[in-house]
Amino acid sequence: MNRYTTQPDYIFEIPPVKNPLVYIYRICAKIFCFCFFGLGSGVLGIVALPFMKILWPRKKDFQKHARILVSRLFRFFIWFMTVLHICRFKVENKERLRDAGGCVVVANHPSLLDVVMLISILPNADCIVNASLKKNIVGAIVAYLYITNDYEHEELIEKCVESINNGNALIIFPEGTRTKPEGQNQYKKGAARIALAAKCPVIPVFMGGNDKLGLRKKDPMLLFNHTDPYIYNLYVKPEISMEEFSELPPARAAKQVTDRMKDVLCYENNWDKIIGKNPLRQS
């Protein structure tokens, strides 16, 4: 099997539920946390952010303070899930993100909460979000703070480069959507093109831990990891500099940068960072 395969030929064994009562508790606690998150997002978007807009009328100042607030609230939300014993969270090599400004942060995307985990450790985080989010309860936050994907291609890249030049860490999931349970999706070149246009480093973060059953793409909400709380172990990898690709034609440079990100973040090179997801069969 090629290590760049997007749908590798392996199967995962889902272990039986250890304790049905604990399992039911975790599902109920997860649903409660999502309701809590939705309510908090509504209060943030309707009350807190408009008030902050009055305190800091300049867009740049407002976004700086608002992103710090969102980061701290997401950190509190993770702590809250930890207190309820449905989540564990740690970051390895966090010092590599200490001065993460003016860069692109890329990560694999195994679960619904990945962006929450990343923003919680990046007080200057910006990201590209689906424009359809404007229609729901977090729409006010999206409209105020982040870049929606409803711009034309060139304009979208310009807005991303502008954000990076303002010192933000732009979070991008190169797969474009959540990872499939059976293997990762095809990597898109958008993150590479933005980093090359901004001439900024790329910092890869591998989202490790255990299986995120119930938070994966198309999973029903009434599911949870069958044996343990959700374990989020984030591994910050060495940055990828754009200097070595600067002499290449744009299309070739974007492909090579994307291949480098794929090499760093693919499952095949990170089995030691994944708990309970060992391939039972490989070709």
Atom pair [atom1]/[atom2] of [X] and [Y] - distance to nearest 0.5 Å:
X: Ile68; Y: Leu73; atom1: CD1; atom2: CG; value: 12.0 Å
X: Met117; Y: Ser111; atom1: CE; atom2: OG; value: 6.5 Å
X: Ile164; Y: Asn124; atom1: CD1; atom2: CG; value: 11.5 Å
X: Leu112; Y: Arg216; atom1: CG; atom2: CZ; value: 13.0 Å
X: Asp61; Y: Met52; atom1: CG; atom2: CE; value: 10.5 Å

Answer yes or no: is there a side-chain heavy-atom contact under 4.5 Å between [X] and [Y]?
X: Val106; Y: Ile203; value: no
X: Cys160; Y: Ile128; value: yes
X: Cys127; Y: Ile172; value: no

Checking [X] now: which residues fulfil side chain to side chain contact (heavy atoms under 4.5 Å, CB included) with it, not counting sequence neighbours?
X: Glu175; result: Asn108, His109, Thr179, Gln184, Asn185, Tyr187
X: Ala125; result: Ile119, Leu122, Ile171
X: Asn165; result: Val161

For this session: With sequence neighbours excluded, give me every side chain to side chain donor-acceptor pair (under 3.5 Å) pair touching residues 150-162.
Result: Lys134-Asp150, Thr148-Asp150
Exercise. Which residue pairs satisfy the side chain to side chain donor-acceptor pair (under 3.5 Å) criterion with at least one member in residues 16-33, sequence neighbours excluded?
Worked result: none
Please name all residues satisfying ring-ring contact (aromatic ring centres under 6.0 Å, His included) with [X], sequence neighbours left out, ordered by chain then number.
X: Tyr230; answer: Phe224
X: Phe62; answer: Tyr144
X: Tyr235; answer: none

Exercise. Do Arg75 side-chain atoms and Ile121 backbone N/O form a donor-acceptor pair below 3.5 Å?
Worked result: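 Looks like no, no N/O pair under 3.5 Å.
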For this session: Please report the C-alpha distance between Asp219 and Lys212 in whole Å, then the side-chain angles of each, then the deciding distance to 0.1 Å, and finally whether the salt bridge (Lys or Arg N to Asp or Glu O under 4.0 Å) criterion is met.
Result: CA-CA 9 Å; Asp219 276 355; Lys212 307 302 187 296; over 6 Å; no
Please list, one pair per line, the donor and acceptor atoms closer than 3.5 Å that link side chains of residues 77-95 to other protein atoms, with sequence neighbours excluded.
{"unit_1": "Thr82", "atom_1": "OG1", "unit_2": "Ile78", "atom_2": "O", "d": "2.8"}
{"unit_1": "Asn93", "atom_1": "ND2", "unit_2": "Val236", "atom_2": "O", "d": "3.4"}

For this session: Not counting sequence neighbours, which residues clear side chain to side chain donor-acceptor pair (under 3.5 Å) with Ser71? List them please.
Result: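 Listed in chain order: nothing, the list is empty.
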Seminar exercise, completed: Taken in chain and number order and not counting sequence neighbours, the residues that satisfy side chain to side chain donor-acceptor pair (under 3.5 Å) with Ser241 are none
Pair up each side-chain donor or acceptor in residues 248-257 with any protein partner under 3.5 Å, not counting sequence neighbours, and list the distances.
{"unit_1": "Lys255", "atom_1": "NZ", "unit_2": "Asp259", "atom_2": "OD2", "d": "2.9"}

Problem set entry | Whether over 12 other heavy atoms sit under 6.0 Å from Lys53 NZ |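 Result for NZ/Lys53: enclosed.
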